[in-house]
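Scroll down for the structure; my scribbles are underneath it.
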Amino acid sequence: MLDIKLLRNDINAVAEQLARRGFELDVDKFQALEDKRKILQTATQDLQNQRNTRSKAIGQAKAKGEDIQPLLAEVADLGDQLKAAEQKLSELQAEIDSIVMGIPNLLDESVPEGNSEDDNVEISKWGEPTQFDFEPKDHVDLGLSHGWMDFEAASKLTGSRFVVMRDGMARLHRALIQFMLDTHTAEHGYKEVYVPYMVNEESLLGTGQLPKFAEDLFKLEGGQKGEQNYYLIPTAEVPVTNLVRGEIVPGDDLPMKYTAHTPCFRSEAGSYGRDTRGLIRQHQFEKVELLHFVKPDDSMQALENLTRHAEIILEKLELPYRKVILCAGDTGFSASKTYDLEVWLPGQDTYREISSCSNMKDFQARRMQARFRNEAGKPALLHTLNGSGLAVGRTLVAVVENYQQADGSIRIPQALQAYMGGLEDLTI
RNA sequence: GGAGAAGUGGCCGAGAGGCCGAAGGCGCUCCCCUGCUAAGGGAGUACAUGGUUUAUCCCGUGUCGAGGGUUCGAAUCCCUCCUUCUCCGCCA
């Protein structure tokens, strides 16, 4: 959520900024609503003031034993007026809120212009695309031929875009998770957290998945109390970031760095026909997430650090990758600046996204009222960041494809061997 | 799942229709006193938001778990929900 004051004072500059990412802000509509709000709110508060003053007078008169009937007559219709005014104001406020909640974050100055992923800019490259002296297969062929991946079984159990993994592949998948968590906690200073995989609506509003992107989520029916409906998390970003929702943390506690492994559930609405083959785009996948809560001045540096922590996983696994900065049109709703890490996939003969690291600045914090006590002792919004470190399913794909041998076996990266009981190869 | 109890500022805790944004204590900040230590005295100390503009000040409004209701007036009374605790049951 953007600062409402910024919208009131400098809406044209905001609109101009948002146009960079292709978002059109209806300036006239917003200002018309704001003008109405100002008048209505002043009037309402004036009525409230009258009510309070007169009620107080009644109380004092009563205490002195005076006759309060004349006073009561004076306030007779005040209540109805007030109720009507409050009603109108809250309707108007709701309308303004829904507009404001639908406005994306302002982009950082360093974000390049552009409309789509084709305009993203490569920042750096690590390693070279893996060379083979045979025709490399993609992970689906490799997985199927050994019975390691079973998409048919998964579709029987559930449906399309799920997988069953068996034997060494299932273990390799698990090993990756342990390896990533251990690296981030032992070497990068993160605290590990375990969080719910279902969250309520407030949490999704806080991180920005709602109200705009409901169709991307799995919403649960039944089994929950009251009228509250739960959602499956689309990323650990939601539960972990919401840990600070409504909190005022001591300034000395910042920066806070958390890592969490969770499954992620995405409906992938609107992506029909894309990446239907294999593990690239599943309804359920595992991810190890990195999150920072920092003071505003530190967030740009924190984004560099966080991205670097994700890069190190790829380097330890010796997987060639490149780092790109997302252009204005490709940067996500809540993000101010995003780096994607793209790993080399021989099966697709291209780089594919494996991590996305973003600085949300105060956008999520404002929605969540996540604050810290600054030097002056006053509460101030903190900054939130998150990134994948890494997407486990896609990392598995990268390992399988880059480490494949001519005979169809998979070499196990050095860094993972300890997590595989010393195993050096996955063979049939 | 059943029975009961409770949610008040950074923390503890009083408050039971009006004089309550809220006693008192702890903590924190500033000042005074004190040779050091320990102790003592004084002042200040919630958040959001409107007027209102970078900010301060001032005035107003809202907030005592959340949302409704009763009332001229609600932390206080009523209803619904959420959460926590205790006991019982069930369970990985």
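Every chain is numbered from 1, with letters handed out A, B, ... down the list of sequences.
Within the 4.0 angstrom heavy-atom criterion, only backbone atoms of the sugar-phosphate kind lie near A:P379; the bases stay farther away.
Atom name C1', nucleotides B:A16 and B:A75: the rounded distance is 10 Å, in whole Å. On the C1' atoms, B:C64 is 14 Å away from B:A23, given to the nearest whole Å. When the P atom is compared between B:A74 and B:G69, the two are found 12 Å apart, to the nearest whole Å. Taking atom P on both nucleotides, B:U71 is separated from B:C12 by 36 Å, rounded to a whole Å. Atom P of B:C11 sits at a distance of 14 Å from the matching atom of B:A66, rounded to the whole Å. Comparing B:A39 with B:C33, their C1' atoms are spaced 11 Å from each other, to the whole Å. Between the P atoms of B:U49 and B:G7, the separation comes to 29 Å (whole Å).
A donor-acceptor pair shorter than 3.5 Å can be found between the side chains of A:Q364 and A:T384.
Straight-line distance from the CD atom of A:E201 to the P atom of B:C81: 19 Å, rounded to whole Å. Counting to the nearest Å, the P atom of B:C19 and the NZ atom of A:K56 are 6 Å from each other. If you take CG of A:L89 and C1' of B:U49, they are 11 Å apart, rounded to a whole angstrom.
Taking every heavy atom of both residues into account, A:L291 and A:E237 meet most closely at CD2-CA, 3.9 Å. Nearest heavy-atom pair across A:L107 and A:Q17 is O-OE1, 3.7 Å. The two atoms that bring A:I4 and A:V100 nearest to each other are CD1-CG2, 3.9 Å, heavy atoms only.
With pairs defined as Watson-Crick or G-U wobble and both atom distances under 3.5 Å, the stems of at least three pairs that touch RNA chain B come out as B:1-7 with B:82-88, B:10-12 with B:24-26, B:27-32 with B:40-45, B:46-51 with B:58-63, B:65-69 with B:77-81.
Salt-bridge formation is not detected for the pair A:E86/A:K83: no Lys NZ or Arg NE/NH1/NH2 atom is positioned less than 4.0 Å from an Asp or Glu carboxylate oxygen.
With sequence neighbours excluded, the residues forming a ring pair (Phe, Tyr, Trp, His ring centres under 6.0 Å) with A:F162 are A:H283, listed by chain and number.
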Heavy-atom protein contacts under 4.0 Å, nucleotides 51-68 of chain B, coded B base, S sugar-phosphate only, - none = S-SS-----BSS------
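When atom types are taken as modelled, the side chain of A:K212 and the backbone of A:G102 share a donor-acceptor pair closer than 3.5 angstrom.
A cation-pi contact links A:K257 to A:Y190, judged by a cut-off of 6.0 Å to the six-membered ring centre and 45° from its axis.
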